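So you know, we letter chains A, B, ... as the sequences are listed, proteins then strands, and number each from 1. Computed from a predicted structure; not experimentally measured.
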There are 2 protein chains.
Amino acid sequence: MNDLSHHEQAIELLQELGLKEYEAKAFVALTRLPEGTAKEISEISEVPRTRVYDAVRVLETKGLVEIQHANPQRFRAVAIDEAADTLRREYEDRTDSLRATLRAIEPAAPDEETEVTHEVWSLSGGTAITSRTRQLVDESDDEVVLVIGDESAYTSELRERLQAAGDRGVSVVIGITEGSLRERVERDLPDARVFVSGLEWLHSSAETGDETVIRRLLLVDRNTILVSSFHEDLGEGHEHEQAVFGRGFDNGLVAIVRRLMYTGLLSNVEA
Amino acid sequence: MNDLSHHEQAIELLQELGLKEYEAKAFVALTRLPEGTAKEISEISEVPRTRVYDAVRVLETKGLVEIQHANPQRFRAVAIDEAADTLRREYEDRTDSLRATLRAIEPAAPDEETEVTHEVWSLSGGTAITSRTRQLVDESDDEVVLVIGDESAYTSELRERLQAAGDRGVSVVIGITEGSLRERVERDLPDARVFVSGLEWLHSSAETGDETVIRRLLLVDRNTILVSSFHEDLGEGHEHEQAVFGRGFDNGLVAIVRRLMYTGLLSNVEA
DNA sequence: CGCTGGGTTCACTCACATAATCACAATAAG
DNA sequence: CTTATTGTGATTATGTGAGTGAACCCAGCG
């Protein structure tokens, strides 16, 4: 990756962090110069000279740039780490406020009864999916069957939750597609049943150009399932995890997956 | 603050965190409901029903909402903490990338010689100002005079820097306007000279309605100064710290402040 | 003095993204 | 079959930001 695309990438990032195009370009320009005038900035960035002033003023109020009021004015960017910290903190503060504000709102719903059958929900994003996985394991009463399609899906937190489930009498069954994980899991969860393969087809479907793998497959108490798939979408690193999660013993999706899992299980289980 | 303004505040925050208006409104609506249909969301938020679908789809890809594909579709928001964490993490990742990317760019400047005289820079934002304060104390050779107008400006980090400066032979003089801080500072910096008052006028100018106080006043080696003021701007908590920072013994600003500080100092110093 | 030229600010146009509304297809209920 | 409700797509407004040029200010200089 050459330096030009670094520029563009930095500019994009800054825009995602809430700066306007001119602001982002001006800041990147100033990052390359120990200091600069409007003219200089305009030359090495693509910002029209007459707009450099607005942009830099905004940057100053955000604490990213210092201004020397002389003729001509001179500008300089703060240190990189300082800039990054400033921006990070800004968003941290916002998420904190959001948390507090939402908490103050929430209890405002006319709680109704809802039938708990046949639901199928879809969700996406690693964090959301991880979170629901955890929750489902936690609420298991009887049995947890989990197929781990990818080493990274087996986190230490998940391990703890599984151990806790086992400790309260839930039978834990773990399916693995890669051999490497097996030892670790067997060591972590001595009471669990661990099996390998029987489900290789879950892995990448090499025939289609589709780069999709099943990452997690969870069946709880025979009536709730969660399936997540991982897409190595597009050439760039734009990867994304998607999942569906269903409830209800007679839910079609649940039924199918239950069937599949027990099939893979029966032919491979080891005590 | 009633609940209605909580809503608005939450919506604003979400927009600042990168959501569109409809997305923000729909999310807040879902926060109040255990789950909801497009119609319900449209009713309690101000989002046109036909737009709820798009908005919620976007929220789903951001990991903030789960969708049940039934008829009618049902939506639910993830837990508040989960949502806040998801958003925070998103921005943390971005600032990290930014840091890395900028580092890769920086060495791209034709380093020129610059005369180091008579500069006056302005900067704003607590972090930027704190950072420059630190830097100036660190580069002191001979003398540091610091007036602390506000307890919060005396952080533990600053204390360490001042101690370090003292240890390498720099004479440290601290001015204080509130008595409460005095003990602490004298204990922290036994070698420093500490004086109180003589500079009360630095504090709030009660006659003008203006809520502005001088927060820090720093003179380094008699030739570099930094003055920061704190505005309790506007009725709302919209506060902001602004500063100027100047270099050069014969710089007019530096000269004036030097004069002022030594005036306050001479009449009050204690060994 | 008035001119000239760079530096700076401001006001204006244009394009694009988003908000808002509508028309229509699909589905379920009566 | 009719009707109401749900979902999708197309279309029209509106507002924000990018891009451009005119006006202003203030040197220095003829």
Practice problem: Kindly say whether B/Ala38 contributes a backbone atom to a donor-acceptor pair with the side chain of B/Ser42 at under 3.5 angstrom? | Solution: no
Quiz item: Should A/Tyr22 be listed as having a side-chain N or O under 4.0 Å from OP1 or OP2 of D/dG19?
Solution: yes
Which atom pairs, one a donor and one an acceptor, fall under 3.5 Å between side chains of residues 13-21 of chain B and the rest of the protein, sequence neighbours left out?
| unit_1 | atom_1 | unit_2 | atom_2 | d |
| --- | --- | --- | --- | --- |
| B/Glu16 | OE1 | A/Arg94 | NE | 3.3 |
| B/Glu21 | OE2 | B/Lys25 | NZ | 2.7 |

Quiz prompt | Closest non-hydrogen atom pair between A/Arg74 and B/Trp121, with its separation | solution = O-CZ3, 3.4 Å
Practice problem: Between C/dG7, D/dT6, D/dT8, spot the one nearest the side chain of B/Arg57, thanks. | Solution: D/dT8
Every protein N/O lying under 3.5 Å from an N/O of nucleotides 12-18 of chain C:
| unit_1 | atom_1 | unit_2 | atom_2 | d |
| --- | --- | --- | --- | --- |
| C/dT18 | OP1 | B/Lys20 | NZ | 2.8 |

Exercise. For B/Asp96, enumerate each residue passing the side-chain contact (heavy atoms from CB on, under 4.5 Å) test, keeping only those at least two apart in sequence or located in another chain.
Key: B/Arg99
Exercise. Using five pairs at either end of the helix from C/dC1-D/dG30 to C/dG30-D/dC1, determine the angle between the two local helix axes and round it to 10 degrees.
Key: 20°
Practice problem: Check whether any side-chain N or O of A/Ser124 sits under 3.5 Å from a backbone N or O of B/Glu60 as a donor-acceptor pair, and report yes or no. | Solution: yes
Exercise. For B/Arg57, enumerate each residue passing the side chain to side chain donor-acceptor pair (under 3.5 Å) test, keeping only those at least two apart in sequence or located in another chain.
Key: none
Quiz item: Looking at B/Ala10 and A/Leu98, what are the two nearest heavy atoms and their distance?
Solution: O-CD1, 4.0 Å
Self-check item: Any donor-acceptor pair under 3.5 Å from A/Glu35 side chain to A/Phe75 backbone
Solution: no
Practice problem: Tell me, please, which residues at least two apart from A/Tyr53 pass ring pair (Phe, Tyr, Trp, His ring centres under 6.0 Å). | Solution: none
Practice problem: Verify side-chain contact (heavy atoms from CB on, under 4.5 Å) between B/Ile67 and B/Gln73, making sure each step is shown before the conclusion. | Solution: CA-CA 7 Å; B/Ile67 300 181; B/Gln73 290 180 239; 3.6 Å; yes
Quiz item: Which pairs with one or both residues in residues 82-105 of chain A pass ring pair (Phe, Tyr, Trp, His ring centres under 6.0 Å), sequence neighbours excluded?
Solution: A/Tyr91-B/Tyr91
Practice problem: Could you identify which residues of residues 41-49 of chain A place a heavy atom less than 4.0 Å from some atom of DNA chain C, listed by residue number, or say none? | Solution: A/Arg49
Tabulated below should be each protein N or O lying under 3.5 Å from an N or O of nucleotides 22-25 of chain D; please produce it.
none

Practice problem: Check step by step if side-chain contact (heavy atoms from CB on, under 4.5 Å) holds for A/Leu30 and A/Leu64. | Solution: CA-CA 10 Å; A/Leu30 275 173; A/Leu64 300 177; over 6 Å; no
Quiz item: Between A/Tyr53 and C/dT9, does any side-chain N or O lie under 4.0 Å from OP1 or OP2?
Solution: no
Self-check item: Between C/dA19 (P) and B/Asp54 (CG): distance, integer Å
Solution: 10 Å
Quiz item: Should A/Asp85 and B/Thr127 be marked as a side-chain contact (heavy atoms from CB on, under 4.5 Å) after you check the CA-CA gap, both sets of side-chain angles, and the distance that decides it?
Solution: CA-CA 9 Å; A/Asp85 286 346; B/Thr127 47; over 6 Å; no
Quiz item: A/Ser45: what forms a side chain to side chain donor-acceptor pair (under 3.5 Å) with it, not counting sequence neighbours?
Solution: none
Quiz item: Does A/Asp54 have any side chain to side chain donor-acceptor pair (under 3.5 Å) partners at least two apart in sequence or in another chain, and if so, which?
Solution: A/Arg51
Practice problem: Return the 5'-most residue of the pair A/Lys25, B/Pro72 with respect to DNA chain D, ranking by each residue's nearest nucleotide. | Solution: B/Pro72
Hey, what are the protein-to-nucleotides 27-30 of chain C N/O distances that come in under 3.5 Å?
none

Self-check item: Spacing between A/Ile67 atom CD1 and C/dT8 atom P, to the nearest angstrom
Solution: 11 Å
Quiz item: Just how far, in rounded Å, is C1' of D/dT5 from CZ of B/Arg74?
Solution: 14 Å
Quiz prompt | Pair A/Arg103-B/Asp81, side-chain contact (heavy atoms from CB on, under 4.5 Å): steps then yes or no | solution = CA-CA 9 Å; A/Arg103 257 194 243 295; B/Asp81 285 324; 2.8 Å; yes
Quiz item: Taking CZ from B/Phe75 and P from D/dT6, how many angstroms apart are they, rounded to a whole number?
Solution: 11 Å
